[in-house]
Amino acid sequence: MNLNNEKMPIILIGNTFKYEIEATVKLFIGASRFNFYYEIPENFSADEYIIAEIESNTLKCRIKLDGKEISLKKILSENEINERSVAEHELCRLIYTALKQLTRIVPPWGLLTGIRPVKKVTALVQQGLNKNEINEILTKKYEISPSKLELAFHTADNQLPILEKINKKAVSLYISIPFCPTRCSYCSFVSHSMDSAMKLIPDYIQKLCDELKIIGNIVKETNTEIDTIYFGGGTPTSISAEYIEVLMECVKDNFDIASVREYNFEAGRADTITREKLEIIKKYGATRISVNPQTLNDDVLKVIGRLHTGEDTINAFKTAREVGFDNINMDLIAGLPSETSESFKNSLDKIIDLNPESITVHTLTLKRSASLYESGKSHIGNPVADMVDYSVERLMSNGYNPYYLYRQKNTVDNLENVGYSKKGAESYYNIYIMDETQTILGAGCAASTKLVYPDGKISRIHNYKFPYEYINRFEQMIEKKKEVIECLKKIKDMKL
């Protein structure tokens, strides 16, 4: 069998650690796909491969990459080899060490592949450990760089006071509007261009209102308080002002929003934002909105498929201020195709001059469902690290502190997404969803309900991904809501 094809073979012998090994390999070989085998195939032949093996209490890895080969092994104690998490971590460490030697790449987050690195810091802080002790533990286990550890500590410092005040008997509500004017080349969200989705929108809005009524009844039946609300997408403002009003009226009629501490509406792209829509969003109680440029460079906007200019975004921001919004977030993406380090820095500087309450810096992520994925390797090595380093220094020196942070697979240079805000403008919803501390009820296409039980158990209920499924299989989907009632009753009865 000749395995010399585009997919690199990863051969697992004596173990089934597929998920974590793949995540570790992707720290060094980005935007690639792999073939997995559980024994060495007959007549094995491949130009590049990874073999990860456990034999008795010995871990072994053999890797061939770019014409170079390396073999490493490690012997574990009987207790270590019998502890699955330990064996998995140490086998991944062996692969990590080998790939680091072969590629000379040093991932900034080290061996850490999880999407919520700050949780590891906050957990150790809550155990009473000091910064030096936590540094030592995380450096030894994951080899995280000092700069990323410092960023994680800053984020944890800003999160912890908010997490300590969380209302554990309350829940948040997420509402999905999965439509966009066009699909951006980097986008992996389940979103649909207005041209293809226009005929679905009336039925979608009706079904979404039906679901909100059902969730509202569950909330009333269990006497549950709503803490935060988040309209996301897609681009929620891609639908008409009339439909926005219908949905926000539905929320007002079915939920007690008097006690809501934060009401988010992701206005998003400048080519969908109008004064009329902003006035409706303000009228119905939204307290925080996002106006997201991603970049202010017009040439880059064209490359990624945006139909507006940087100036359009600035004007949309100014209109939001005129309407009365005093809590505005703006998003940037570091590493967009054709973006230079200089043009990214220019965009960030202009946004800081606008003085929004929060700025979120994402790093380009090459997801399989995004059109950029297939050309992913060409984006590796772009100046994204310089962009991200500049954003940390520039934002913090201008009074914006990191308050939530997460990572994704296939992110260029294995970097992170960070939300920065002025003191007191942190988004509760963003912190809660990253910390997985509060139940979030999801409504709409591709929305996910995350049930956080009093004992810490987390259960997820996923709505159908596509609008036509959501519309046509609505009754089947609603059947899944029964678990929500059980969870909310347990939360209500929880002793604090």
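Atom set for the values below is all heavy atoms of this structure, side chains included, hydrogens, waters and symmetry mates excluded. For reference, positions follow the sequence shown, starting with 1.
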Donor-acceptor under 3.5 Å (N315 side chain, D312 main chain) | no
Of all residues at least two apart in sequence or in a different chain, which pass the salt bridge (Lys or Arg N to Asp or Glu O under 4.0 Å) check with K345?
-> D386
Set of side-chain contact (heavy atoms from CB on, under 4.5 Å) partners for Q476, sequence neighbours left out = Y464, R473
Report yes or no: does T363 contribute a side-chain atom to a donor-acceptor pair with the main-chain N or O of V361 at less than 3.5 Å?
-> no
Determine whether the side chains of E211 and Y470 contain a donor N or O and an acceptor N or O closer than 3.5 Å.
-> yes
Does D331 use its side chain to pair, donor to acceptor, with the backbone of N292 at less than 3.5 Å?
-> no
Please determine, by modelled atom types, if N327 and E262 share a side-chain donor-acceptor pair under 3.5 angstrom.
-> no
The ring-ring contact (aromatic ring centres under 6.0 Å, His included) partners of Y142 (sequence neighbours excluded) come to H89
Is any side-chain N of the basic residue among E221 and K492 closer than 4.0 Å to the acidic one's carboxylate O?
-> no
Does K220 reach the main-chain N or O of D256 with its side chain, forming a donor-acceptor pair under 3.5 Å?
-> no
Exercise: do Q206 and D210 side chains pair donor with acceptor under 3.5 Å = yes
Not counting sequence neighbours, which residues clear salt bridge (Lys or Arg N to Asp or Glu O under 4.0 Å) with R84? List them please.
-> none
With distance as the sole test, does S358 use its side chain to make a donor-acceptor pair with the main-chain N or O of S421 at under 3.5 Å?
-> no
Donor-acceptor pair between N158 and E426 side chains, under 3.5 angstrom | no
Would E22 and K18 satisfy salt bridge (Lys or Arg N to Asp or Glu O under 4.0 Å), going step by step from the backbone distance to the final call?
-> CA-CA 6 Å; E22 181 178 16; K18 176 181 180 293; 3.8 Å; yes
Kindly indicate whether the side chain of K450, heavy atoms from C-beta on, has any atom under 4.5 Å from the side chain of I458.
-> yes
For Y429, what residues pass the ring-ring contact (aromatic ring centres under 6.0 Å, His included) criterion, not counting sequence neighbours?
-> Y230
Set of residues satisfying salt bridge (Lys or Arg N to Asp or Glu O under 4.0 Å) with respect to E311, sequence neighbours excluded | none
Would you call D349 and R394 a salt bridge, using N to O less than 4.0 angstrom?
-> yes
From the options Y284, Y174, F265, select the one residue that forms a ring-ring contact (aromatic ring centres under 6.0 Å, His included) with F231.
-> F265
Pair N329, T360: side-chain N/O donor-acceptor within cut-off below 3.5 Å | yes
Sorted by chain and residue number, the side-chain contact (heavy atoms from CB on, under 4.5 Å) partners of V260 (sequence neighbours excluded) come out as I226, I229, I257, Y263
Please determine, by modelled atom types, if Q159 and Y404 share a side-chain donor-acceptor pair under 3.5 angstrom.
-> no
Taken in chain and number order and not counting sequence neighbours, the residues that satisfy salt bridge (Lys or Arg N to Asp or Glu O under 4.0 Å) with K482 are E479
With sequence neighbours left out, write down each residue that passes ring-ring contact (aromatic ring centres under 6.0 Å, His included) with F28, or none if nothing qualifies.
-> Y96
Identify each donor-acceptor pair in which a side-chain atom of residues 483-491 lies under 3.5 Å from a protein atom, sequence neighbours left out, and give them as a table.
unit_1 : atom_1 : unit_2 : atom_2 : d
E483   : OE1    : S459   : OG     : 3.4
E483   : OE2    : Y453   : OH     : 2.9
E483   : OE2    : S459   : OG     : 2.8

Pair R288 + E357: basic N to acidic O under 4.0 Å | no
For N346 and S343, test the side chains for any donor-to-acceptor distance below 3.5 angstrom and give the result as yes or no.
-> no
Do you know which of I440, L451, T449, T439 makes side-chain contact (heavy atoms from CB on, under 4.5 Å) with V171?
-> T439
Using distance alone, with no hydrogens and no angle criterion, decide if T228 and S172 have a side-chain donor and acceptor under 3.5 Å apart.
-> yes
Any residue meeting ring-ring contact (aromatic ring centres under 6.0 Å, His included) with F17, in chain and number order, not counting sequence neighbours | none
Salt bridge (Lys or Arg N to Asp or Glu O under 4.0 Å) between D271 and R269, intermediate numbers included = CA-CA 5 Å; D271 50 353; R269 293 170 50 156; 3.0 Å; yes
Less than 4.5 Å apart, any side-chain heavy atom of L364 and any of E339?
-> no
Give a yes or no answer on whether the side chain of Y204 reaches the backbone of C445 with a donor-acceptor pair at less than 3.5 Å.
-> yes
So the ring-ring contact (aromatic ring centres under 6.0 Å, His included) pairs with at least one residue in residues 295-347 (sequence neighbours excluded) are none
Is there side-chain contact between Y243 and P202, with at least one heavy-atom pair below 4.5 Å?
-> yes
Charged N-O contact under 4.0 Å between E322 and K282 | no
